[in-house]
Amino acid sequence: MATNEILRGLMINPERLKDLATEAKEFALQHGVLFRTNETPNSSEDFFPPNGAWPWPSTLDDAVLVTEFRQGIVATYAPFTLFPSPVPKAVFHQALAVQTHFNTLVDKISQDPGFLEEALASTIQADDFTAKLLGIYRQVQHEGRTQSIMMGVNRSDYMLDQREDRTSSLKQIEINTIAAGGFGVADHLPVVHRHILRLAGLLEESQCVPDNNSTAGIVRALAKAWELYGQQKAAIMFLVEDVQFFIYSHRHVDSELWKRGIPVIRRKFEDVLKAGFLDRNKKLFLDGLEVAVVFYRYGYMPNHYKEKTWEARLLMERSLAVKCPDIGTHLAGTKKVQQELARPGVLERFFPDQPQVVEQIRATFAGQYTLDMGPEGDQTVAMGLAKPDEFVLKPQREGGGNNFFGEDIVRMLEEVKGDKRRAAYILMDRIRPKVEHNVLLRRGLPLQLSSVCYEIGVLGAYVRHGGEMVLNEVAGQILRTKSIEHGDGGICSGVSVFDSPLIY
Ligand code: ADP
Ligand code: MG
């Protein structure tokens with residue numbers, strides 16, 4: 001790859017590297033590739049002068065004075081790679097082509113209580129969080145479903161597994177049905193990457209970085225769900241995090257919705273707990289506003305909930321508001337469900353007359369193995385203990401940083417192998433992606449050449465009305481790249497950075 005030669009050149013010319021990185025960061029900031037900072041994750045103000053007004057610094061001395069009083073900076077560039085990563089055309093298109101089938105699959109699972117109950121039966125004995133989610137699912141099922149409009153935004157993540165013949169095959173890492181973030185910000189990165197390639201003299205390569213428009217796809221789905229709900233004054237509510245690093249990602253979507261005349265509000269679980277209520281028709285109201293759609297940007301980890309906030313989740317699930325995702329769809333994205341889907345014959349249950357669809361989806365599955373109690377689970381334990389480097393041990397968690405690799409697999413399996421606690425996990429074949437080289441740009445990180453690997457995420461968005469899919473789309477891609485020294489990934493955990501594909 002030509003970018004590798006350029007990178008080698010940059011390593012012996014640190015001034016040139018610094019210039020290019022500075023240009024990339026400024027371009028990123030200018031184009032909305034933004035992130036909140038650790039110091040002020042929830043604020044657009046960084047200092048509070050005693051008399052309420054701080055003079056605008058007009059000299060360097062003023063600027064230094066102001067800096068001394070600063071508590072931090074308000075925003076920075078979202079972490080990203082200096083160069084885009086090379087992705088073979090065939091696998092890129094394969095990942096895009098299978099996405100609408102994954103949308104359909106997730107949606108079908110969410111409506112299949114028999115399958116979910118059976119798939120998660122052992123997991124809920126060992127994992128309290130999944131048990132609580134399933135408890136809400138049961139309660140909502142028991143009361144009878146209240147809303148026939150359903151929408152989903154999911155992100156299916158893949159790595160390219162290197163075969164011995166040096167070709168690569170697309171393997172799914174996981175599908176996120178709730179923790180599907182990064183949209184918006186990732187739309188503006190291709191412009192930055194094309195610019196950097198051109199600056200580096202790689203004009204031809206700059207034409208191989210495709211546009212990305214995840215914002216438009218997600219906006220279309222949210223707007224469709226809102227429109228079907230049919231109440232002009234009702235709002236779309238982003239259920240947001242306590243710590244909002246990703247606010248600018250949401251803002252790309254939220255401003256497009258406002259442009260269409262759709263009101264958007266941002267609320268936390270505790271706001272819903274304090275002010276939310278259902279009227280006798282189960283319409284959800286909050287601060288005098290009816291909520292048409294709840295877009296969960298939070299609520300996928302146990303530590304997102306306090307004892308009381310579970311009541312807020314239940315309130316929203318029972319309501320007439322369209323949930324993105326509803327509780328069944330959330331459960332469809334668990335690692336355990338993913339492992340069950342990889343069993344022979346299971347996909348056929350959801351696509352009985354569509355062998356090509358089954359084949360297309362199955363081609364992306366890596367080997368996954370149950371750890372439920374019984375002979376099959378015993379075999380998995382033995383496999384994991386014998387060759388820990390060939391597997392990843394995964395609990396039912398999202399957001400990065402929860403998986404076990406190598407010797408940690410042995411330690412963990414030794415601890416839980418004798419009892420039902422082991423059913424909280426699944427074992428998965430470890431994917432060995434090709435090693436690339438790049439410079440990771442993150443605030444505070446020194447400029448250096450790193451050995452990296454990427455993960456391709458494909459976003460899907462869909463809306464179902466009763467039995468009919470009225471919208472089912474691919475909504476762009478999100479590449480995330482990390483240094484190979486890390487087994488696990490994640491943007492928020494400070495390991496991965498955003499990236500764009502350079503298709504070849
Ligand atoms: P999470 O829900 O926490 O994001 P993932 O299944 O995506 O969980 O795993 C987190 C990270 O661990 C991934 O982004 C990837 O870097 C790494 N990982 C997960 N599964 C595998 C695998 N089978 N092979 C190699 N790396 C993996
Ligand atoms: Mg993941």
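One-based numbering, in listed order, for ligands and for the atoms of each.
Between the side chains of Tyr248 and Arg36, a donor-acceptor pair is found at a separation under 3.5 Å. Looking only at atom types and distance, the side chain of Arg297 has no donor-acceptor partner in the side chain of His250 under 3.5 Å away.
Checking only distances, Asn403 does come within under 3.5 Å of ligand 1, N or O to N or O. Ligand 1 has a nitrogen or oxygen under 3.5 angstrom from a nitrogen or oxygen of Gly400.
Identified under the ring-ring contact (aromatic ring centres under 6.0 Å, His included) test for residues 96-125, with sequence neighbours left out: Phe115-Phe350. Among pairs with a residue in residues 167-191, those fulfilling ring-ring contact (aromatic ring centres under 6.0 Å, His included) read His188-His252, at least two apart in sequence or across chains.
Contact atoms of ligand 1 toward Gly489: 11 (C), 12 (O), 16 (O) (distance under 4.0 Å to a heavy atom of the residue). Close approach of ligand 1 to Val392 (heavy-atom distance below 4.0 Å) involves ligand atoms 21 (C), 22 (C), 23 (N), 24 (N).
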Acceptor/donor pairs from residues 491-504 side chains to any protein atom, 3.5 angstrom cut, sequence neighbours excluded:
unit_1, atom_1, unit_2, atom_2, d
Ser493, OG, Gly489, O, 3.1
Ser493, OG, Gly490, O, 3.2
Ser496, OG, Gly490, N, 2.9
Asp499, OD1, Thr81, OG1, 2.9
Asp499, OD1, Ser85, N, 3.4
Asp499, OD2, Ser85, OG, 2.5
Asp499, OD2, Thr481, OG1, 2.6
Ser500, OG, His193, ND1, 2.7

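Considering Lys394, Lys171, Lys335 only, the shortest heavy-atom separation from atom 8 (O) of ligand 1 involves Lys335. Nearest to atom 4 (O) of ligand 1 by heavy atom, out of Glu174, Met301, Gln368, Glu398, is Glu174.
Around the Mg ion (ligand 2), the protein contributes the following N, O or S atoms under 2.8 Å, ordered by chain and number: Glu174 OE2.
Phe238 and Phe295 have perpendicular rings, their planes meeting at more than 60° on a 0 to 90° scale where under 30° would count as parallel.
Checking Glu317, His330, Gln396 one by one against Leu133, the side chain to side chain contact (heavy atoms under 4.5 Å, CB included) holds for a single residue, His330.
Under 4.0 Å is where a charged nitrogen must lie from a carboxylate oxygen, and between Asp127 and Lys420 no such pair does.
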